[in-house]
Protein chains: 2
Amino acid sequence: MKVPNPVSKRLALYHRCVVSLLSEGKEVTSSQELGERLALKPSQIRKDLSYFGEFGKRGTGYELKELKLSLENLLSINKTWNVCIVGAGNIGTALANHTEFFKEGYRIIAFFDRNPSKIGKKIGTRSISVYSIEELKEKVRDLNIEIGVIAVPSSEARNVAEMLVESGVKGILNFAPVKLKIENVEIEDVDIAISFKALTFKIGVKEIERKRSVNKQDC
Amino acid sequence: MKVPNPVSKRLALYHRCVVSLLSEGKEVTSSQELGERLALKPSQIRKDLSYFGEFGKRGTGYELKELKLSLENLLSINKTWNVCIVGAGNIGTALANHTEFFKEGYRIIAFFDRNPSKIGKKIGTRSISVYSIEELKEKVRDLNIEIGVIAVPSSEARNVAEMLVESGVKGILNFAPVKLKIENVEIEDVDIAISFKALTFKIGVKEIERKRSVNKQDC
DNA sequence: TAGATTGTTAATCGATTAACAATC
DNA sequence: TAGATTGTTAATCGATTAACAATC
C-alpha cells in the first residue's frame with residue numbers, strides 16, 4: 001500500500017504531541033484533540049495511522065502510552081541509532097549539544113573533519129571525539145554508525161556522502177545546500193538557506209496581496 | 001492565481017542553480033538543464049515560472065543573468081533584510097557565522113538572550129551584539145529588523161514569537177520544535193528533530209520492503 | 001525554413017477531506 | 001441503548017506532468 005510522502009513527518013509530529021500529552025498527565029487522546037494541537041484535520045490523522053494498523057478504540061480514542069510505542073515502532077526509534085557528524089563546525093557542535101536527540105534514540109558518537117587542528121580534539125558538552133576524515137570508513141564500521149550527518153561545505157558534500165554510503169551508512173541527514181543524488185541510502189535535507197528564501201518569498205507575496213486589496217478599496 | 005505551496009522552495013532552488021551555472025561561465029540555460037541538475041521535470045520548472053511571468057525565449061531558453069534577477073525579485077532578495085536571532089546558543093552562533101546568508105541579502109545584526117552572562121557580549125566571527133530580551137521590542141524597531149529567528153527552547157518559543165510580531169517583524173524562522181499558530185506573520189519551520197525521525201522512518205520502511213522481497217525470492 | 005524550447009492547456013496523478021458504517 | 005469516536009470508502013481538492021501550439 002502506497003503511503004503518501006508527507007506522512008513520515010506527520011508521524012513524527014504525532015509522536016511529539018503524544019509525548020507532551022503524556023507529560024501533562026493525560027492517558028487517552030482523540031484524533032480531534034491531536035488535530036487541534038497540530039492544526040490538522042482529525043480525518044487526516046486517522047487516515048495517516050490507518051496505513052499502518054488500528055491503534056485506537058472506537059468510541060474511546062487512542063491510549064497514549066500505547067500510541068506512543070506504536071509511533072516509536074513506525075519511526076524506528078525503538079532502538080538506538082549511532083550517528084556521526086562529518087564537519088566539526090558550528091552546526092555540528094550545535095547538534096552535538098542538543099540533548100533532546102539523545103533522549104530520542106540518536107547517539108552522536110563521532111565527528112570527522114579534515115582540519116588537523118580539530119582532529120583528536122573533543123567537541124561539545126558530551127566530549128565527542130573528532131577523527132580524521134581519512135579514518136571515516138574504518139570508524140563508521142567499527143563504531144556501528146548507521147546515520148551520517150553532512151555538515152561540510154557543499155563542495156565536499158557529494159564526496160562525503162559517497163564515503164558514508166560506501167562504509168554502510170543507511171541514512172544521511174544533509175545540511176549542505178546541494179541536492180545529493182545517491183543510491184542505496186535514505187537522504188533527508190535540512191536546507192536553511194532555502195528556508196530563508198521561502199520565508200522572504202512568502203512575505204513578498206503577502207505584501208503584494210495587501211497592496212492590491214488597498215487599491216481595491218480605493219476604487 | 002493560486003500558486004502551489006511547494007513552489008516557494010523550488011524557486012529558491014532554481015535561484016541557487018542559476019547562480020552556480022553563472023559561476024561556471026554559462027550564459028543561457030533551459031528547463032531541461034535545470035531539471036537535470038535538480039532532479040525535476042522540465043515541465044514543472046516551466047510551469048512554476050509561468051505563475052509569475054515569461055522569463056525565457058522560445059527556441060533559446062533562459063538568459064541566466066536575467067533569470068537570476070527575476071528570481072531574486074520573486075524571492076524578495078533584491079533588498080537587504082535585517083535579521084535578529086533570539087537565543088544566543090549553538091544554533092544561533094552557527095547561523096551568525098554562516099557567511100552565505102550575508103551574501104544573499106540577509107544581515108544578522110542582533111542577538112537577544114535571557115542569560116545575563118551573555119548579554120553585552122559579541123558573538124561569532126562578525127561580532128554581533130547580544131542584547132537583553134527585555135530590549136527586544138525597542139531594538140527591533142530601532143534597528144529596522146524585519147525577520148526574527150527563534151532559537152530558544154520550545155517552552156519559550158511562543159512568547160518570543162509574540163514579542164517579535166508585536167515589534168513588527170514580518171517573518172519568523174523557527175528552529176524550536178513547536179507549531180506556532182500566530183497571525184500577521186509568515187512562519188517557516190526548520191525542525192531538525194522531525195527530520196531525524198522522518199529519516200529513520202524511511203530507513204525502517206525500506207528495510208521492511210527489502211525483507212519482503214527476500215521472502216518472495218524464497219517462494 | 002528547420003530545429004529548439006518556451007508558455008499553456010488538459011490529463012493524470014497523488015493527497016486530503018467528508019461522510020458514514022462499524023463498534024466500543 | 002445512546003453517545004462517541006474510530007477505521008475506511010468515496011469524493012474532492014491540489015499538484016504534477018504530458019502534450020502541443022506558439023515562436024524564437
Side-chain angles (χ1 to χ4, degrees), chain A residues 1-14 17-18 21 26-71 74 179 194 198 201-202 205, chain B residues 1-14 17-18 21 26-71 74 179 194 198 201-202 205:
Chain A
M1 179 194 12
K2 176 68 176 73
V3 175
N5 242 285
V7 169
S8 62
K9 292 210 164 136
R10 284 202 299 266
L11 289 177
L13 287 172
Y14 303 160
C17 196
V18 163
L21 285 163
K26 300 221 165 101
E27 297 191 341
V28 274
T29 188
S30 63
S31 57
Q32 172 138 32
E33 186 173 37
L34 290 169
E36 272 164 24
R37 297 222 176 187
L38 297 167
L40 297 169
K41 296 268 151 63
S43 56
Q44 173 150 81
I45 293 169
R46 296 201 301 277
K47 175 107 253 232
D48 284 352
L49 294 172
S50 79
Y51 291 111
F52 308 99
E54 310 196 354
F55 303 108
K57 265 200 192 60
R58 292 168 196 232
T60 319
Y62 302 89
E63 226 253 294
L64 280 167
K65 264 165 112 171
E66 211 180 289
L67 182 57
K68 175 169 176 280
L69 289 174
S70 304
L71 287 168
L74 293 176
K179 182 83 210 146
I194 296 286
F201 170 79
K202 289 198 285 180
V205 169
Chain B
M1 178 195 10
K2 176 68 178 73
V3 175
N5 242 285
V7 170
S8 62
K9 292 211 165 137
R10 284 200 301 264
L11 290 177
L13 287 172
Y14 303 159
C17 197
V18 163
L21 285 163
K26 302 222 165 103
E27 297 191 341
V28 273
T29 188
S30 63
S31 57
Q32 174 139 29
E33 186 174 37
L34 290 169
E36 270 163 26
R37 298 222 175 185
L38 297 167
L40 296 170
K41 296 267 149 65
S43 56
Q44 173 149 83
I45 294 169
R46 296 201 302 277
K47 177 108 254 239
D48 284 353
L49 294 172
S50 79
Y51 291 112
F52 309 100
E54 310 196 353
F55 304 108
K57 265 200 193 58
R58 293 170 196 229
T60 319
Y62 302 89
E63 226 252 293
L64 280 167
K65 263 166 113 173
E66 211 182 288
L67 182 58
K68 175 168 176 280
L69 288 174
S70 305
L71 286 168
L74 293 176
K179 183 84 208 147
I194 295 287
F201 170 79
K202 288 198 286 180
V205 168

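Order of the sequence lines sets the chain letters (A, B, ...), proteins ahead of strands, with each chain counted from 1. Only this structure's heavy atoms are used, side chains among them; waters, hydrogens and symmetry mates stay out.
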Does some side-chain heavy atom of [Y] sit less than 4.5 Å from a side-chain heavy atom of [X]?
| X | Y | result |
| --- | --- | --- |
| A/Tyr62 | A/Arg46 | yes |
| B/Leu49 | B/Leu71 | yes |
| A/Leu40 | A/Leu34 | no |
| A/Ile45 | A/Tyr14 | yes |

Give a yes/no on whether any side-chain N or O of [X] is located under 4.0 angstrom from OP1 or OP2 of [N].
| X | N | value |
| --- | --- | --- |
| B/Ser31 | C/dT6 | yes |
| B/Thr60 | C/dT5 | no |
| A/Tyr62 | D/dA4 | no |

(request) Using the closest heavy atom to pick a nucleotide of DNA chain C for each, name whichever of A/Gly59 or A/Val3 lands nearer the 5' end. (result) A/Val3

(request) Could you say whether A/Asp48 or B/Ser30 is positioned toward the 5' end of DNA chain C, judged by the nucleotide with the nearest heavy atom to each? (result)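 Checking each residue's closest nucleotide, the 5'-ward one belongs to B/Ser30.
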
(message) What's the separation between atom OG in B/Ser70 and atom CD in B/Glu54, rounded to the nearest 0.5 Å?
(response)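 These two atoms lie 12.0 Å from each other.
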
(request) Mind checking the NZ-NZ spacing from A/Lys202 to B/Lys9? Nearest 0.5 Å is all I need. (result) 7.5 Å

In whole angstroms, how far is the [atom2] atom of [N] from the [atom1] atom of [X]?
| X | N | atom1 | atom2 | result |
| --- | --- | --- | --- | --- |
| A/Leu34 | D/dG7 | CG | C1' | 15 Å |
| A/Ile45 | D/dT6 | CD1 | P | 9 Å |
| B/Glu66 | D/dC24 | CD | C1' | 14 Å |
| A/Lys41 | D/dC13 | NZ | C1' | 11 Å |
| A/Asn5 | D/dT16 | CG | C1' | 13 Å |
| B/Tyr51 | C/dG7 | OH | P | 14 Å |
| B/Leu49 | C/dT5 | CG | C1' | 13 Å |
| A/Arg10 | C/dT17 | CZ | C1' | 11 Å |

Please pick, from [options], the nucleotide with the shortest atom-to-atom distance to any side-chain atom of [X].
| X | options | answer |
| --- | --- | --- |
| A/Gln44 | D/dA22, C/dT23, C/dT16 | C/dT16 |
| A/Pro6 | C/dT5, C/dT16, C/dT23 | C/dT16 |
| A/Arg58 | C/dT6, C/dT23, C/dA15 | C/dT23 |
| B/Glu54 | C/dT8, C/dA15, C/dT23 | C/dT8 |
| A/Ser50 | D/dT8, D/dC24, C/dA22 | D/dT8 |

(request) Select base, sugar-phosphate, or nothing to describe what A/Ser43 touches, counting heavy atoms under 4.0 Å on all strands. (result)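 Result for A/Ser43 = base.
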
(message) Return the pairing partner of D/dC20 with a 3.5 Å limit on both distances, Watson-Crick or G-U wobble; otherwise return none.
(response) C/dG7

(message) When you measure only distances, ignoring hydrogens and angles, does the side chain of B/Arg46 come within 3.5 Å of the base of C/dG7 through a donor and an acceptor?
(response)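 Yes.
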
(message) Closest-nucleotide mapping onto DNA chain D: is A/Lys47 or A/Lys57 further toward the 5' terminus? I mean the 5' end.
(response)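 Checking each residue's closest nucleotide, the 5'-ward one belongs to A/Lys57.
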
